[in-house]
Colleague: 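This structure is in C-alpha cells; I'll ask about it shortly.
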Amino acid sequence: HASPATVSRGGVLFINEVDVGWKPFVESWRESMDPVAQSTFYQLFSNYFEGNIEHLRKTFPLSCPVVDMGFVQSLTCFIDALLRNLAKEQSETVKVTSPEETKQMYEAFFTFAMMWVIGGAVADD
C-alpha cells in the first residue's frame, strides 16, 4: 500500500470508471483523426455502443465480467488495427473516396470490431 504522496510522485493516477466513464477515452482517441472519422465514430459509439451495451449484458451471458472501458479499449484497438492496415495497403484508394464512402468504411470497421469484441466475451454455453 502506498500513501497518496508516494503515488503522486510515481505519476500513478487511478480513475474510477463509474465516476468518469468511457467517453473521455473515446474523445481522446478521436482527437488525432480527420473530421469525417471524428464525427462518424462519435455517432457510432453514441448510437450503437452506449445505446446497446446494457441490453447486450442482459441478453447474453459473458464468459467473464467485462467493464465498459474494457469493451471500449478493445473496440478502439480493433479499429486502430483496421485503419493501420488500410493505410498501408490502400492509402491511394482512400484519398480519392468521397466523404460518404469514407463514412461507410468507418461504419463497417466499427461494426466488424464491435462484433468481435462483444462476441469474444460471450459465453458459448
Colleague: Is the closest side-chain heavy-atom distance between Leu83 and Phe109 below 4.5 Å?
Modeller: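 Result yes, sub-4.5 Å side-chain heavy-atom pair found.
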Colleague: If we only count heavy atoms from C-beta on, is the Phe25 to Thr76 side-chain gap below 4.5 Å?
Modeller: yes
Colleague: Under a single-linkage definition using a 4.5 Å side-chain heavy-atom cutoff for Ile, Leu, Val, Met, Phe, Trp and Tyr, are Ile79 and Tyr42 assigned to the same hydrophobic cluster?
Modeller: no
Colleague: What is the distance from atom CE of Met114 to atom OG of Ser74, rounded to the nearest 0.5 Å?
Modeller: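 Spacing of CE (Met114) from OG (Ser74) equals 12.0 Å.
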Colleague: Within the side chain of Ser63, is there an N or O that forms a donor-acceptor pair under 3.5 Å with the backbone of Ala121?
Modeller: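 Yes; at least one donor-acceptor contact below 3.5 Å.
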Colleague: To the nearest 0.5 Å, what is the distance between NZ (Lys103) and OG (Ser39)?
Modeller: 6.5 Å
Colleague: About how many Å separate CZ of Phe60 and CD1 of Ile118, when rounded to the nearest 0.5 Å?
Modeller: 9.5 Å
Colleague: Would you call Glu107 and Leu44 a side-chain contact if the rule is heavy atoms closer than 4.5 Å?
Modeller: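 When only atoms from C-beta onward are counted, Leu44 and Glu107 do touch, with a gap below 4.5 Å.
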Colleague: According to side-chain hydrogen bond (donor to acceptor under 3.5 Å, both in side chains), who are the partners of Trp29, at least two apart in sequence or on a separate chain?
Modeller: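 Residues passing side-chain hydrogen bond (donor to acceptor under 3.5 Å, both in side chains) with Trp29: Asp80.
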Colleague: For the ring pair Phe45 and Phe110, is the centre-to-centre distance below 6.0 Å?
Modeller: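 Close enough - the centres of the two rings lie under 6.0 Å apart.
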Colleague: So, do Leu86 and Leu82 sit near enough that their side-chain heavy atoms are less than 4.5 Å apart?
Modeller: no
Colleague: Using only atom types and a distance under 3.5 Å, with no angle test, would you say the side chain of Asn47 pairs donor to acceptor with the backbone of Gln43?
Modeller: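 Indeed, once roles are kept as given, a pair shorter than 3.5 Å links the two residues.
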Colleague: Can you list the residues that meet the side-chain hydrogen bond (donor to acceptor under 3.5 Å, both in side chains) rule with Glu27, with sequence neighbours excluded?
Modeller: Arg30
Colleague: Taking the side chain as every heavy atom from C-beta outward, state whether Val20 and Met69 have any atom pair closer than 4.5 Å.
Modeller: no
Colleague: Between NZ of Lys58 and CG of Asn52, what distance do you get to the nearest 0.5 Å?
Modeller: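 It is 12.0 Å, given to the nearest 0.5 Å.
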Colleague: Do Tyr106 and Asp34 have a side chain donor and acceptor closer than 3.5 Å?
Modeller: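 Indeed, the side chains of Tyr106 and Asp34 share at least one donor-acceptor pair under 3.5 Å.
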Colleague: Set out, in order, the CA-CA distance, both residues' side-chain angles and the distance that settles side-chain contact (heavy atoms from CB on, under 4.5 Å) for Ser28 and Val26, then state yes or no.
Modeller: CA-CA 5 Å; Ser28 175; Val26 172; over 6 Å; no
Colleague: Not counting sequence neighbours, which residues clear side-chain hydrogen bond (donor to acceptor under 3.5 Å, both in side chains) with Glu50? List them please.
Modeller: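 Residues passing side-chain hydrogen bond (donor to acceptor under 3.5 Å, both in side chains) with Glu50: Lys23.
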Colleague: For residues Leu62 and Arg57, report the shortest heavy-atom separation together with the two atoms involved.
Modeller: CD1-NH1, 3.9 Å
Colleague: To check you understand the geometry: which heavy-atom pair defines the closest contact between Val36 and Pro99, and what is its length?
Modeller: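 Here Val36 and Pro99 meet closest at CG1-O, 4.0 Å.
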Colleague: Is there a side-chain contact between Val67 and Pro65 (heavy atoms, below 4.5 Å)?
Modeller: no
Colleague: For Phe71 and Trp22: C-alpha separation, side-chain torsions, deciding distance, then whether ring-ring contact (aromatic ring centres under 6.0 Å, His included) applies.
Modeller: CA-CA 9 Å; Phe71 281 127; Trp22 54 267; over 10 Å; no
